[in-house]
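Everything below concerns the one structure shown next.
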Amino acid sequence: MKKKYDIIIIGTGAGGGTLAYALKDSKLNVLILERGDYLPQEEQNWSAEATFKENRYKTKEKWYDHEGKEFSPGVNYYVGGNTKVYGAVMFRLRQEDFKELEHEGGRISPAWPISYEDLEPYYNQAEELYHVHGNLGEDPTEPPHSKPFPFPAIPHEPVLEKLSDSLKKQGLNPSHLPMAIDLREEGRCIRCKTCDGFPCKVHAKGDADVCCIMPALKSPNVEIMTSAYARRILTDESGNLATGVEVEKDGKIFIVEADTIVAACGAVNSAALLLRSANDKHPNGLANQSDMVGRNYMMHINSGLVAIHPKKNPTMFQKTLTVNDFYFGTPDFPYPMGNLQMLGKLQGVMMKDAKPYIPTSILNGVANRSVDWFVMSEDLPDPEHRVTLDEKGNIVVNWKSNNVGAHKRLINEAKQMMKKAGYPIVAAQPMGGIGVNSHQCGTIRFGKDPSTSVLDPYCRAHTVPNLYVVDASFFPSSAAVNPALTIAAQALRVGEHLIKEKTSLSVGNKVYQ
C-alpha cells in the first residue's frame, strides 16, 4: 500500500530544515524532499581554488534574465541548501524592519503582517538551535532580547581588536558579529579563514544540515529522499487542496501524497514550483489568484570593501566585527543605508573574478594586507522584479538594483571610517549582479490581504489552505541584514502552528476554513 504522509517538506535550507527539526518530536509523519544529495566532506571544502575558481559546489543549471541571456545562479543543491556555503551570520531583523520605512526618493519598505514581538521568542529558539554567538549591549540598533545570546561573542583577533578600538574613538559603535558556528566547549570549529562561501569540512558551521536535518532524521517519524526533484504540486479536482508532489528521481517520475505540502526551495525555486503547478483551477500557477507569485523578487545590494594597510594582517577568523551606525541613516541623510560586516578573510583567487587581469600573486599580496568588509543595503520591493517561466519551463528572473543612492552613501561612510582608522587605501567592488542571489527573498509574500499577498501570517496559502511556503519567499521586505535567522525563526513558528493544528491536517477529519 502506498504510504501517505502528514507533511511533505520540499527543500532543506534554513526554512525546510528548521521546520523538519520543529516537527521531529511530534507524531506527524514527515517526508523531506531534497533536490540534491549530501555535500561530501573532502579536502576541496577548504580550497579557494575549487570553491571559487572551479565552482565545485555551485549548480551547473542556467537561469535567464529578462532579455533571454543565460546566467549561472548562486544556488547550491545539497542537503542543507545554501546554508552549506553561507557565511553563518545570523542577525535578527531590527525591530523597525517590521514596520513601514521610508527610503530615499519617497520609496517605501512595507510593513510586515507580524511584529518583531511575534517573532522574538522564536528568534531565541533559532539562536540556540544554530549555536549563535553574540553579545548584547553593543549595537544601538539591536532589538530587545528576552534572553541573552546562547553563546558568548567570538573574540576579535588583534588586528580587529585594534580596529574596533579605533572605530569607537570615532564615535561609532562597533559590535561583535552574531555568528552561527560551533565554538562551544569541545566544539568543532577551529577558527579557520573559510567560513564565507566555503562548505565546512568539520561540520562546525551552524547550517541546516548539521543543526536540523541530522537530528530530525533520528526521529522515526521523519524521512528524507535525496536527489529528488519536485516537478509540481498536485491538487484535488476542486483545486482547493494540495494532495501530493510529482517527483523525478533516478529518471523515474512518481507521486508522493500528503495532507499538507510545504515548499521551502528558496525564493526563486519555490515561486517556479508554484508556477509549474498550474492546472485548470489555478491557470496562472498554484495559489496565484492574486498574481503575486514570483513578484517583488529581492536580493540585497552588496559590495565588497577592501581596506589595505602597509603591515600584514595575520587574522585567520575575520568574521567577528559589524557596524550598524548607518543602518537607519545619519543626521545629513535621514534614510536607511544598511549594514557593514566583516567578510571571511579574502584570498587572492577569491578576487580573480573581479580583477581577472591582475596576477594572482599580486592579489595575494593585497589579501595579506587587507581588512575585508561586506557592505549591504536593502533591496526595495518592486512588482516588476519577478520570477517567471518561459515557454520551455526555464526560470526567468527580471531584476536590477534599486536603492543605489543609499548604498553609495554607505560605501562612502565605510571608506571614510577606514581611512580615519589608518588604512590609506580603501576600494569597493560591487558583489551584486543577477547571478549573486544568496539572499533572495520576497516572491511569495505573506500578508493579511489575499489581493496583495499569497500567504497568511503563518505562511499558509490564502487559496490552498494546506499549502505552506517556509523560506525567504514570504518576506515583504528584504531589510539590510542576513535573512537566515528570520527564516529559521518563522519556520519554528510555523512548526508550532502545524503541531497545534495537527487534528486538522487530515483532510478527512476537518474541512479547512
**Request:** Enter the distance from Ser478:OG to Leu380:CG here, rounded to the nearest 0.5 Å.
**Result:** 7.0 Å
**Request:** Evaluate the side-chain proximity of Leu274 to Ile444: yes if any heavy-atom separation is below 4.5 Å, no if none is.
**Result:** yes
**Message:** What I want to check is whether the side chains of Ser438 and Asn82 have a donor and an acceptor closer together than 3.5 Å.
**Reply:** no
**Message:** Parallel, tilted or perpendicular: which one describes the rings of His131 and Phe151, with boundaries at 30° and 60°?
**Reply:** perpendicular
**Request:** Check whether any side-chain heavy atom of Ile181 lies under 4.5 Å from a side-chain heavy atom of Ile154, and answer yes or no.
**Result:** yes
**Side-chain ion pair, Arg107 and Glu102, N-O less than 4.0 Å** = no
**Prompt:** Do Arg409 and Glu413 sit within salt-bridge range, that is, some charged N less than 4.0 Å from a carboxylate O?
**Reply:** no
**Request:** For Leu273 and Cys265, work out which heavy atoms get closest and say how close.
**Result:** CD2-SG, 4.1 Å
**Item:** Evaluation steps, side-chain hydrogen bond (donor to acceptor under 3.5 Å, both in side chains), between Tyr130 and Thr18
**Value:** CA-CA 10 Å; Tyr130 282 90; Thr18 307; 2.7 Å; yes
**Asked** Just by modelled atom types, is the Val306 backbone N or O under 3.5 Å from a matching donor or acceptor in the Asp372 side chain?
**Response** no
**Prompt:** Does Arg35 count as lying over the ring of Tyr77, i.e. NZ or CZ under 6.0 Å from the six-ring centre, within 45 degrees of the axis?
**Reply:** yes
**Message:** With side-chain hydrogen bond (donor to acceptor under 3.5 Å, both in side chains) as the criterion, how do Glu157 and Gln318 come out once you've worked through the C-alpha distance, each side chain's angles and the decisive distance to 0.1 Å?
**Reply:** CA-CA 8 Å; Glu157 293 187 39; Gln318 187 172 256; over 6 Å; no
**Message:** Is there a side-chain contact between Val79 and Leu39 in this structure, where contact means two heavy atoms from C-beta onward sitting under 4.5 Å apart?
**Reply:** no
**Message:** I'd like to know whether His385 forms a side-chain contact (heavy atoms from CB on, under 4.5 Å) with Asn402, so could you lay out the CA-CA distance, the side-chain angles of the two residues, the decisive distance to 0.1 Å, and finally the verdict.
**Reply:** CA-CA 10 Å; His385 290 179; Asn402 61 32; 3.9 Å; yes
**Request:** Using a 4.5 Å cut-off on heavy atoms from C-beta on, say whether the side chain of Ile7 contacts that of Leu498.
**Result:** yes
**Asked** Is there a side-chain contact between Met417 and Gln170 (heavy atoms, below 4.5 Å)?
**Response** yes
**Asked** Given Val426 and Lys419, is the side-chain contact (heavy atoms from CB on, under 4.5 Å) satisfied, shown in steps?
**Response** CA-CA 7 Å; Val426 187; Lys419 287 180 178 179; 3.8 Å; yes
**Item:** Val397 side chain reached by Ile434 side chain, heavy atoms, under 4.5 Å
**Value:** yes
**Request:** May I ask you to decide whether Lys169 forms a salt bridge with Asp165, counting only side-chain N to carboxylate O separations under 4.0 Å?
**Result:** no
**Asked** Between Arg460 and Asp456, does at least one N-O distance fall below 4.0 Å, as a salt bridge requires?
**Response** yes
**Any donor-acceptor N or O pair under 3.5 Å, side chains Tyr327, Asp97** = yes
**Request:** For residues Ala480 and Asn339, report the shortest heavy-atom separation together with the two atoms involved.
**Result:** O-CB, 3.2 Å
**Asked** When you check the side-chain N and O atoms of Asp379 and Trp399, is any donor under 3.5 Å from an acceptor?
**Response** yes
**Message:** Restricting to non-hydrogen atoms, name the atom on Tyr123 and the atom on Phe98 that form the minimum distance, rounded to 0.1 Å.
**Reply:** OH-CZ, 3.7 Å
**Prompt:** Rounded to the nearest 0.5 Å, what separation is found between the OG1 atom of Thr51 and the CG atom of Asp196?
**Reply:** 12.0 Å
**Request:** Look at Lys69 together with Glu67 and state whether they make a salt bridge at an N to O cut-off of under 4.0 Å.
**Result:** yes
**By ring pair (Phe, Tyr, Trp, His ring centres under 6.0 Å) - contacts of Tyr423 (at least two apart)** = His309
**Request:** Sort and list the pairs that fulfil salt bridge (Lys or Arg N to Asp or Glu O under 4.0 Å) and have at least one residue in residues 118-128, not counting sequence neighbours.
**Result:** Arg92-Glu120, Arg92-Glu127
**Request:** Would you please name every residue forming a ring pair (Phe, Tyr, Trp, His ring centres under 6.0 Å) with Phe198, sequence neighbours left out?
**Result:** Phe52
**Message:** Assess the residue pair Tyr122 and Glu496 against the criterion (side-chain hydrogen bond (donor to acceptor under 3.5 Å, both in side chains)); give the C-alpha distance rounded to whole Å, side-chain angles, the decisive distance to 0.1 Å, and a yes or no.
**Reply:** CA-CA 10 Å; Tyr122 306 98; Glu496 182 180 271; 2.5 Å; yes
**Asked** Is it true that the side chains of His407 and Glu378 contain a donor and an acceptor less than 3.5 Å apart?
**Response** no
**Prompt:** Closest approach of Gly15 and Ala264, non-hydrogen atoms and distance?
**Reply:** C-CB, 4.3 Å
**Request:** Only counting residues at least two apart or in another chain, list the ones meeting ring pair (Phe, Tyr, Trp, His ring centres under 6.0 Å) with Phe333.
**Result:** Tyr335
**Message:** As an exercise, state the distance from CD1 of Ile224 to CD1 of Ile213, rounded to the nearest 0.5 Å.
**Reply:** 5.0 Å
**Separation of Met342 CE from His156 NE2 (nearest 0.5 Å)** = 9.5 Å
**Request:** For Asn313 and Ser370, indicate whether the former's side chain and the latter's backbone hold a donor-acceptor pair under 3.5 Å.
**Result:** yes
**Request:** Check the side chains of Asn482 and Gln341 for a donor-acceptor pair under 3.5 angstrom, ignoring hydrogens and angles.
**Result:** yes
**Prompt:** Which residue pairs satisfy the ring pair (Phe, Tyr, Trp, His ring centres under 6.0 Å) criterion with at least one member in residues 431-452, sequence neighbours excluded?
**Reply:** Trp112-Phe446, His300-His439, Phe446-Phe474
**Prompt:** Does a side chain donor of either Arg94 or Thr141 reach within less than 3.5 Å of an acceptor in the other side chain?
**Reply:** yes
**Prompt:** Residues two or more places apart in sequence or in another chain: which of them pass ring pair (Phe, Tyr, Trp, His ring centres under 6.0 Å) with His66?
**Reply:** none
**Request:** Please assess Thr315 against Lys193 for the test side-chain hydrogen bond (donor to acceptor under 3.5 Å, both in side chains), listing each intermediate value before the final yes or no.
**Result:** CA-CA 8 Å; Thr315 301; Lys193 61 170 64 175; over 6 Å; no
**Request:** Keeping the roles fixed (side chain from Ser453, backbone from Asp449), state whether a donor-acceptor pair exists under 3.5 Å.
**Result:** yes
**Message:** I'd like to know if the side chain of Arg188 reaches the main chain of Ala204, judged simply by a donor and an acceptor atom lying under 3.5 Å from each other, with no hydrogens or angles considered.
**Reply:** no
**Request:** Carefully, step by step, assess Met214 and His203 under the rule side-chain contact (heavy atoms from CB on, under 4.5 Å).
**Result:** CA-CA 11 Å; Met214 288 183 182; His203 281 178; 3.4 Å; yes
**Prompt:** Does one side chain, of Ser303 or Gln429, offer a donor that lies under 3.5 Å from an acceptor on the other?
**Reply:** no
**Verdict with reasoning, Val75 to Gln440, per side-chain contact (heavy atoms from CB on, under 4.5 Å)** = CA-CA 10 Å; Val75 294; Gln440 57 182 270; 3.6 Å; yes
**Item:** Donor on one side chain, acceptor on other, Thr12 and Tyr78, under 3.5 Å
**Value:** no
**Asked** Does the side chain of Lys99 come under 3.5 Å of the side chain of Ser115 through a donor N or O and an acceptor N or O?
**Response** no
**Request:** Report yes if the side chains of Thr59 and Asn76 come closer than 4.5 Å at any heavy-atom pair, otherwise no.
**Result:** no
**Prompt:** Would you call Asp207 and Lys205 a salt bridge, using N to O less than 4.0 angstrom?
**Reply:** no
**Request:** Answer with yes or no whether the side chains of Asp139 and Thr322 bring together a donor and an acceptor at under 3.5 Å.
**Result:** no
**Request:** Determine whether the side chains of Thr320 and His176 contain a donor N or O and an acceptor N or O closer than 3.5 Å.
**Result:** no
**Request:** Side-chain contact test, heavy atoms from C-beta onward, threshold under 4.5 Å: evaluate it for Glu100 versus Ser109 and give yes or no.
**Result:** no
